[in-house]
Number of protein chains: 2
Amino acid sequence: MKVTMKQIAKEANVSTATVSHVINGTKHITEEKYKKIMEIINKYNYMPNSTAKNLRQKKTKTAGLIVSSFPDTFITEMVYGVEERAREMGYNLLLINTNEDRNYEEETMNLLYSRMVDGVILSPTSNDIEYLNKFTNEEFPVVLVNRYNDTAKNIPKVTGDNFQTGYDATIHLLRHGHKKIGMIYGVSNVSTTDDRIRGYKEALNQHNIPFNENYMELGHATVLGGAAAVKSLLKRHSDITALFIQNDLMTIGAISQIKESLLNIPEDIALIGFGDFASAPIIDPPVTNIMLPPDIIGRTAFDALLSKINNSDYKKHIELPPSLITRKSCGCK
Amino acid sequence: MKVTMKQIAKEANVSTATVSHVINGTKHITEEKYKKIMEIINKYNYMPNSTAKNLRQKKTKTAGLIVSSFPDTFITEMVYGVEERAREMGYNLLLINTNEDRNYEEETMNLLYSRMVDGVILSPTSNDIEYLNKFTNEEFPVVLVNRYNDTAKNIPKVTGDNFQTGYDATIHLLRHGHKKIGMIYGVSNVSTTDDRIRGYKEALNQHNIPFNENYMELGHATVLGGAAAVKSLLKRHSDITALFIQNDLMTIGAISQIKESLLNIPEDIALIGFGDFASAPIIDPPVTNIMLPPDIIGRTAFDALLSKINNSDYKKHIELPPSLITRKSCGCK
DNA sequence: TTGAAAGCGCTAACAG
DNA sequence: CTGTTAGCGCTTTCAA
């Protein structure tokens, strides 16, 4: 049987209150009693029951992190950022992956809401997050990360600036002289994709190039999905000379497929990927990527959650800027 | 204020026991009362407080997962496997990354032991895990994953067969005619590395090639670390013709470095990496890897934890076999 | 400086 | 079929 505070108290001939104070340093206890209590605690290797503590104090020092696609490079590093910051701030993290399942996401929110955690950081599966209002109305701290939309009110958000991401990548391709730029993405109806498309359109618009819906291709966010997506896109539009690909695995698949089609990168097809994955510099050809800082987004999201926990009115939207890392695949050098 | 079971009971003119039974389906309740209770529950969007439930039931349906290096490709996918299996079995997962900090690992174990979780899956930082006995002696369910050693008694383990991994990779290189095979690794004094080295030695031994300590090179498990490691190793032994590299990031760095040294792969240096990372087929040259199945290891580890929770005598060691994926970097094709 | 006691919200005997 | 009641192990007034 696990030893409890009561037993420690009994053996030390003090009350549980005194033991509690010794453990938490909440009041001054005479040297003598303090020593005796500590001795018994060590003797039994006693650890306070945190479930009981949580119940009593109505807080758990635990945060929930719900992501929709794991393991994905961007998400993984974002998780790392959240985890790291949580640890620094003395919090634990409950990690849940919804696997892009909208209903499981809501179920999970319900579960976490039942006082399991002090708040949650959510990277939602879809645009359908109005249901979050039922939690925020109850003052349950929620922050959106990575993906967002505005149907959920009074919620802080930490995201990358995906409009700028789409804009910068497209402008770069445009400057290399491309006019027919395809875009390959892995998830639809989420802000990350939508915002990048808006940026793409804006860049095109500034160059007086009409937007062509058919240059957009949705595929699975996997190596195979990327390969299939280029194949289908180039079949439809063999006039495309450049590609902007929204996910590292898809970029890898796309490159395989392009090589298999005996096309050259960047001569026949120039290409910009997303997220600066480790192997990018040694791929043939080295790949140009535009990236958003996942770890910083994660850390910032945790800080935003802390702000929200301390002040239920907090609802800033923090957007981190992208950076372009040019290599050969876009035509540079 | 959050609504409690007591308030639901009061409004429905029943006892909390009845409400509890309705919620948990633990006893049959008359249709009429059932309906009324459910109605009130829905009206207030009531969710039982799981902290209280946990305290009462002495279990949390939550498991802890402590890893030492995140995000690392292998670990990330292993985390995914654990998470997926936990979800399937109705458990939540508390994820902690120790960042290879041995003391933080022990602190974390203490924390989780305080009834926060029903058990923990640990991928330890070091060989120094004798301290785990203090938990297992208290019947706290712990399973080791990925890394292990035998100073912790009565603990189930789920790992890859790293001896076989080292053996198979080395044999393959040997069959390509290599006799001077360097090995680059990222962590020392852990079973994964040690076992692979044992396998490497055994393969050498079977081919009557003496083991040379100086062909082993430790570096940081990063792209830069991999580059630095080859550089230093080849400087010391320019006669080396093949490399076995223990980590995907290091493999990527090593390839960059070898190219920079104007050496050709596989003609000058043949190479086998570890873990079949996505970009391996499109790197120049495509890289041969030996891999262990991280997701299956993760899933199996969770099942082992469940076994341990249900039977404190459970202590199997499950070892999953490696598989070699040959491409050009080893000299194949 | 310390202790008594109430109670966090729930479950589970047990009794009716 | 339903209610009473006694805790789970801790923190925190309040009083001494």
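Everything numeric in this text was worked out from a predicted model, so none of it was measured. Each chain gets a letter, A, B and so on, in the order the sequences are listed, and its residues count up from 1.
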Trainee: Please check if any side-chain donor atom of B:Asp195 sits under 3.5 Å from a side-chain acceptor atom of B:Tyr148, or the reverse.
Mentor: yes
Trainee: In this structure, how many angstroms lie between the P atom of C:dG3 and the CG atom of A:Asn13, rounded?
Mentor: 9 Å
Trainee: For the pair A:Glu84 and A:Arg87, find out whether any cationic side-chain nitrogen is under 4.0 Å from an anionic carboxylate oxygen.
Mentor: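 Salt bridge between A:Glu84 and A:Arg87, a charged N being under 4.0 Å from a carboxylate O: no.
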Trainee: Among A:Asp101, A:Asn189, A:Thr98, find the residue that satisfies the side chain to side chain donor-acceptor pair (under 3.5 Å) test when tested with A:Thr125.
Mentor: A:Thr98
Trainee: Distances under 3.5 Å only, N/O to N/O: pair up the protein atoms with those of nucleotides 5-7 of chain D.
Mentor:
| unit_1 | atom_1 | unit_2 | atom_2 | d |
| --- | --- | --- | --- | --- |
| D:dG7 | N2 | B:Arg56 | NH1 | 3.1 |

Trainee: Rounded to the nearest Å, what distance is computed from the CE atom of residue A:Met5 to the C1' atom of nucleotide C:dA5?
Mentor: 15 Å
Trainee: Taking the side chain from B:Asn311 and the backbone from B:Ser307, do they hold a donor-acceptor pair closer than 3.5 Å?
Mentor: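 Judged by distance alone, no pair lies under 3.5 Å.
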Trainee: Taking only Lys NZ, Arg NE, NH1 and NH2, and the carboxylate oxygens of Asp or Glu, determine whether B:Glu106 and B:Arg102 approach each other closer than 4.0 Å.
Mentor: yes
Trainee: Quick one: is A:Gln57 getting a side-chain N or O under 4.0 Å of the D:dT12 phosphate, OP1 or OP2?
Mentor: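 Yes, within the criterion.
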Trainee: Specify the residue among B:His21 and A:Ala52 whose closest nucleotide of DNA chain C lies further upstream toward the 5′ end.
Mentor: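 Its nearest nucleotide lies further toward 5', so the answer is A:Ala52.
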Trainee: If you pin B:Val14 and B:Leu55 to their nearest nucleotides in DNA chain D, which one's is more 5'?
Mentor: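 In this pair, the answer is B:Val14.
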Trainee: Using whole Å, report how far NZ of A:Lys6 lies from C1' of C:dA6.
Mentor: 14 Å
Trainee: Below 4.0 angstrom, which residues in residues 31-50 of chain A have at least one non-hydrogen atom near DNA chain D?
Mentor: A:Tyr46, A:Pro48, A:Asn49
Trainee: Pick base, sugar-phosphate or nothing for A:Asn54, based on heavy-atom distances below 4.0 Å to the nucleic acid.
Mentor: nothing
Trainee: With heavy atoms under 4.0 Å as the rule, sort B:Ile29 into base, sugar-phosphate or nothing.
Mentor: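 Sugar-phosphate contact only - B:Ile29 comes under 4.0 Å of backbone atoms but never of a base.
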Trainee: Measuring to OP1 and OP2 of C:dT2, would you say a side-chain N or O of A:Thr30 lies under 4.0 angstrom away?
Mentor: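 The answer is yes; a side-chain N or O of A:Thr30 sits under 4.0 Å from OP1 or OP2.
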Trainee: Return whichever of B:Ser20 or A:His28 has its heavy-atom-nearest nucleotide of DNA chain C closer to the 5' end.
Mentor: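 Between the two, 5'-proximity favours A:His28.
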Trainee: For B:Gln7 and C:dG9, give me the distance from atom CD to atom C1', rounded to whole Å.
Mentor: 10 Å
Trainee: Starting from C1' on D:dG9, measure out to CD1 on A:Ile8 and report it in whole angstrom.
Mentor: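 Rounded to the whole Å, the gap is 12 Å.
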Trainee: For D:dG3, take OP1 and OP2 only and decide whether either is under 4.0 Å from a side-chain N or O of B:Thr18.
Mentor: yes
Trainee: So among A:Val120, A:Asn97, A:Leu95, which one has a side-chain contact (heavy atoms from CB on, under 4.5 Å) with A:Leu65?
Mentor: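 By the side-chain contact (heavy atoms from CB on, under 4.5 Å) criterion, A:Leu65 pairs with just one of A:Val120, A:Asn97, A:Leu95: A:Leu95.
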Trainee: Return the value, rounded to whole Å, for the distance between atom NZ of B:Lys59 and atom C1' of C:dA12.
Mentor: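 Atom-to-atom, B:Lys59 to C:dA12, this comes out as 13 Å.
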Trainee: If you draw a 6.0 Å radius around OH in B:Tyr34, do more than 12 non-hydrogen atoms from other residues or ligands fall strictly inside?
Mentor: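 Result for OH/B:Tyr34: open.
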Trainee: Report yes if a side-chain nitrogen or oxygen of A:Lys58 is closer than 4.0 Å to either non-bridging phosphate oxygen (OP1 or OP2) of C:dG9; otherwise report no.
Mentor: yes
Trainee: Using a cut-off of 6.0 Å, state whether more than 12 heavy atoms not belonging to B:Glu88 lie near its atom CD.
Mentor: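 Counting other residues, nucleotides and ligands, CD of B:Glu88 exceeds 12 neighbours.
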Trainee: OP1, OP2 of C:dG3 versus side-chain N and O of A:Ser15: anything below 4.0 Å?
Mentor: yes
Trainee: Quick one: do the B:Gln7 and B:Tyr46 side chains pair a donor with an acceptor below 3.5 Å?
Mentor: no
Trainee: Do B:Thr18 and B:Ser15 have a side chain donor and acceptor closer than 3.5 Å?
Mentor: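 Side chains of B:Thr18 and B:Ser15: pair found under 3.5 Å.
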